[in-house]
Amino acid sequence: MDTKILALLNGARTDGWVMEPQAKEMLRAYGLPTTRFFWAKSAEDLLPGAKEVGYPLVAKVVSPDVLHKSDVGGVVVGVRDDREIEAVYQRMSGLKGFQGLLLDQMVRGIEMIVGSKEDPQFGTVVVVGIGGTSVEVYKDVSIRMAPASMDDAIDAIESIKGRELLEGYRGREPANTEKLAQLIVAFSQMAFDMREEVESIDLNPVLCDRENAMIADARFMLKH
């Protein structure tokens with residue numbers, strides 16, 4: 001594992017999990033595609049960061065005390081201008097442990113989840129399914145051992161009940177399942193490499209359209 005990734009993991013050890021800005025840095029180090037983002041650590045960073053990412057954007061709280069951002073109103077989608085982002089910053093700065101805002105590129109697509117966990121019997125396994133906020137409701141996932149091959153990844157995608165969404169359900173454009181499969185393969189190798197340090201990883205959502213599969217949010221839970 002490269003020294004930058006080890007440093008990011010070690011820096012997160014006291015919190016027990018890796019916040020989204022560092023998580024996306026680790027994903028990029030493995031060549032995984034993430035949305036364009038900027039971590040505005042102060043009010044002075046805010047407008048230059050928003051300009052770099054581009055409106056409309058998604059604003060998310062960065063705090064070691066906020067594991068589930070949407071539960072505390074820590075995510076605002078479709079921020080349109082400087083005035084709006086300043087109001088969001090002012091409101092979210094009152095959240096516990098506030099360390100700034102993650103300004104994130106807005107991307108549309110079919111929401112998937114790609115994750116990993118350490119199974120006591122099989123070791124590192126990769127989970128693929130329909131994502132977003134409904135993932136706990138539908139529990140539509142398939143599981144493969146890591147590291148996964150391209151054939152494993154394609155088979156995992158084809159095994160989920162919601163695959164029709166990816167194939168162009170009700171006239172929608174089909175998603176690029178080859179790009180999604182490539183992402184799963186690269187992610188499975190990363191999860192396998194980190195198995196001694198990391199208990200589980202959630203990439204949710206991974207947004208898939210006809211061109212790309214792109215990681216919009218990520219969380220790494222560390223081993224105690």
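Just so you know, these numbers use all the heavy atoms, side chains as well, and skip hydrogens, waters and symmetry mates.
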Visitor: Judged by atom type as modelled, is there a donor-acceptor pair below 3.5 Å linking the side chain of Trp39 to the main-chain atoms of Glu20?
Guide: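 Answer holds: no.
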
Visitor: Taking everything shown except Lys41 itself, do over 12 heavy atoms lie less than 6.0 Å from its NZ?
Guide: no

Visitor: Show the numbers, then the answer: is there a side-chain contact (heavy atoms from CB on, under 4.5 Å) between Asp155 and Arg144?
Guide: CA-CA 9 Å; Asp155 186 55; Arg144 297 294 181 273; 2.7 Å; yes

Visitor: Are Met19 and Pro64 close enough that some pair of their side-chain heavy atoms sits under 4.5 Å apart?
Guide: yes

Visitor: How long is the straight-line distance from CZ of Arg219 back to CG of Leu203, given to the nearest 0.5 Å?
Guide: 10.5 Å

Visitor: Heavy-atom count check: over 12 atoms from other residues, nucleotides or ligands less than 6.0 Å from Arg210 CZ?
Guide: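 For Arg210, atom CZ is not crowded (no more than 12 foreign heavy atoms under 6.0 Å).
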
Visitor: Specify the closest pair of heavy atoms between Ala40 and Leu103, including all atoms of both residues, with the distance to one decimal.
Guide: CB-CD1, 4.2 Å

Visitor: In Å, rounded to the nearest 0.5 Å, how long is the span from CG of Asp209 to CG of Leu180?
Guide: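 Output value for this atom pair is 11.5 Å.
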
Visitor: Minimum heavy-atom separation for Met112 and Cys208, please, with both atom names.
Guide: CG-SG, 3.7 Å

Visitor: Using a 4.5 Å cut-off on heavy atoms from C-beta on, say whether the side chain of Thr124 contacts that of Met194.
Guide: no

Visitor: Any sub-3.5 Å donor-acceptor pair from Tyr55's side-chain atoms to Asp82's backbone N or O?
Guide: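 A pair under 3.5 Å: yes.
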
Visitor: Just wondering, do Glu86 and Leu46 contact through their side chains at under 4.5 Å, heavy atoms?
Guide: yes

Visitor: Donor-acceptor check, side chain of Ser142 to backbone of Ala156, threshold 3.5 angstrom: yes or no?
Guide: yes

Visitor: Check whether any side-chain heavy atom of Thr177 lies under 4.5 Å from a side-chain heavy atom of Ile154, and answer yes or no.
Guide: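 The answer is no, as the side chains (C-beta and beyond) never meet within the 4.5 Å cut-off.
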
Visitor: In the single-linkage hydrophobic clustering (I, L, V, M, F, W, Y; side-chain heavy atoms under 4.5 Å), do Ile157 and Val114 co-cluster?
Guide: yes

Visitor: Could you check Phe98 against Tyr89 for side-chain contact (heavy atoms from CB on, under 4.5 Å), going step by step and ending with a plain yes or no?
Guide: CA-CA 10 Å; Phe98 181 77; Tyr89 187 93; 3.7 Å; yes

Visitor: Donor-acceptor pair, Asp193 side chain versus Met190 backbone, under 3.5 Å?
Guide: no

Visitor: Counting neighbours of CD on Glu167 that are heavy atoms of other residues, nucleotides or ligands and sit closer than 6.0 Å, is the number greater than 12?
Guide: yes

Visitor: Checking Asn10 side chain against Leu6 main chain: does a donor-acceptor pair fall under 3.5 Å?
Guide: yes

Visitor: Assess, by modelled atom type and distance only, whether the side chains of Glu118 and Ser200 contain a donor and an acceptor separated by less than 3.5 Å.
Guide: no

Visitor: Write down the atom of Ala59, the atom of Ile85, and the distance for their closest heavy-atom approach.
Guide: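 Distance-wise, the nearest heavy atoms are CB-CD1, 3.8 Å.
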
Visitor: Report yes if some heavy atom in the side chain of Val58 is under 4.5 Å from a heavy atom in the side chain of Val75; otherwise report no.
Guide: yes

Visitor: Just by distance, do the side chain of Asn212 and the backbone of Met214 share a donor-acceptor pair under 3.5 Å?
Guide: no

Visitor: Between Lys4 and Glu25, does at least one N-O distance fall below 4.0 Å, as a salt bridge requires?
Guide: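 Judged by the 4.0 Å cut-off on N to carboxylate O distance, Lys4 and Glu25 do form a salt bridge.
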
Visitor: Where is the tightest heavy-atom contact between Ala186 and Leu32, given as atom of each residue plus distance?
Guide: CB-CD2, 3.8 Å

Visitor: For Val88, does its backbone N or O pair with a side-chain atom of Arg91 as donor and acceptor, under 3.5 Å?
Guide: no

Visitor: Stepwise, does the side-chain contact (heavy atoms from CB on, under 4.5 Å) test hold for Ser63 with Gln99?
Guide: CA-CA 5 Å; Ser63 166; Gln99 291 187 10; 5.7 Å; no

Visitor: Assess the residue pair Phe187 and Val128 against the criterion (side-chain contact (heavy atoms from CB on, under 4.5 Å)); give the C-alpha distance rounded to whole Å, side-chain angles, the decisive distance to 0.1 Å, and a yes or no.
Guide: CA-CA 11 Å; Phe187 169 75; Val128 180; over 6 Å; no

Visitor: Does the distance from a Lys or Arg side-chain N to an Asp or Glu carboxylate O, for Arg13 and Glu197, drop under 4.0 Å?
Guide: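 Result for this pair is yes, salt bridge flagged.
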
Visitor: Rounded to the nearest 0.5 Å, how far apart are CG of Asp217 and CD1 of Ile113?
Guide: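 The CG atom of Asp217 sits 10.5 Å away from the CD1 atom of Ile113.
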
Visitor: For the backbone of Arg195 and the side chain of Lys223, can you confirm whether one donor and one acceptor N or O come within less than 3.5 Å of each other?
Guide: yes

Visitor: Just by modelled atom types, is the Pro147 backbone N or O under 3.5 Å from a matching donor or acceptor in the Ser188 side chain?
Guide: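 Not a single qualifying donor-acceptor pair exists.
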
Visitor: Do side-chain atoms of Asp15 reach the backbone of Trp17 as a donor and acceptor pair under 3.5 angstrom?
Guide: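 Checking the backbone N and O of Trp17 against the side chain of Asp15, no donor-acceptor pair under 3.5 Å is found.
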
Visitor: In terms of hydrophobic clustering (I, L, V, M, F, W, Y; side-chain heavy atoms under 4.5 Å; direct or indirect links), are Phe192 and Met145 co-clustered?
Guide: no

Visitor: Please report the interatomic distance CG(Leu207) to CD(Gln105), rounded to the nearest 0.5 Å.
Guide: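 Leu207 CG to Gln105 CD: 10.0 Å, rounded to 0.5 Å.
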
Visitor: Taking Leu102 as the starting point, is it possible to reach Val79 by hopping between hydrophobic residues whose side chains are less than 4.5 Å apart?
Guide: no

Visitor: Can you confirm whether Tyr30 sits close enough to Asp2 that some side-chain heavy atom of one is under 4.5 Å from a side-chain heavy atom of the other?
Guide: no

Visitor: Going from CG on Leu9 to CG on Leu222, what distance comes out if it is rounded to the nearest 0.5 angstrom?
Guide: 6.0 Å

Visitor: To the nearest 0.5 Å, what is the distance between CD1 on Ile130 and CG on Asp140?
Guide: 5.5 Å

Visitor: With the threshold set at 4.0 Å, does a side-chain nitrogen-carboxylate oxygen contact exist between Arg36 and Glu52?
Guide: no

Visitor: Please determine whether residues Met150 and Leu166 belong to a single hydrophobic cluster, defined as Ile, Leu, Val, Met, Phe, Trp and Tyr linked transitively by side-chain heavy-atom distances below 4.5 Å.
Guide: no

Visitor: Is there a side-chain hydrogen bond (donor to acceptor under 3.5 Å, both in side chains) between Lys24 and Thr35? Walk through the geometry before answering.
Guide: CA-CA 9 Å; Lys24 282 186 170 175; Thr35 45; 2.9 Å; yes

Visitor: Under 4.0 Å between a side-chain nitrogen and a carboxylate oxygen: does that hold for Glu199 and Lys117?
Guide: no

Visitor: Ile110, Val206: one ILVMFWY side-chain cluster at the under-4.5 Å cut-off?
Guide: yes

Visitor: Where is the tightest heavy-atom contact between Gly129 and Ile160, given as atom of each residue plus distance?
Guide: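 Where Gly129 meets Ile160 most closely, the heavy atoms are CA-CG2, 4.1 Å.
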
Visitor: Can you confirm whether Asp45 sits close enough to Phe38 that some side-chain heavy atom of one is under 4.5 Å from a side-chain heavy atom of the other?
Guide: yes

Visitor: Which atoms form the tightest heavy-atom contact between Ala29 and Ile5, and what is the distance?
Guide: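 Minimum heavy-atom separation between Ala29 and Ile5: CB-CD1, 3.8 Å.
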
Visitor: In the structure I gave you, are the side-chain heavy atoms of Pro33 and Leu183 within less than 4.5 Å of one another anywhere?
Guide: yes

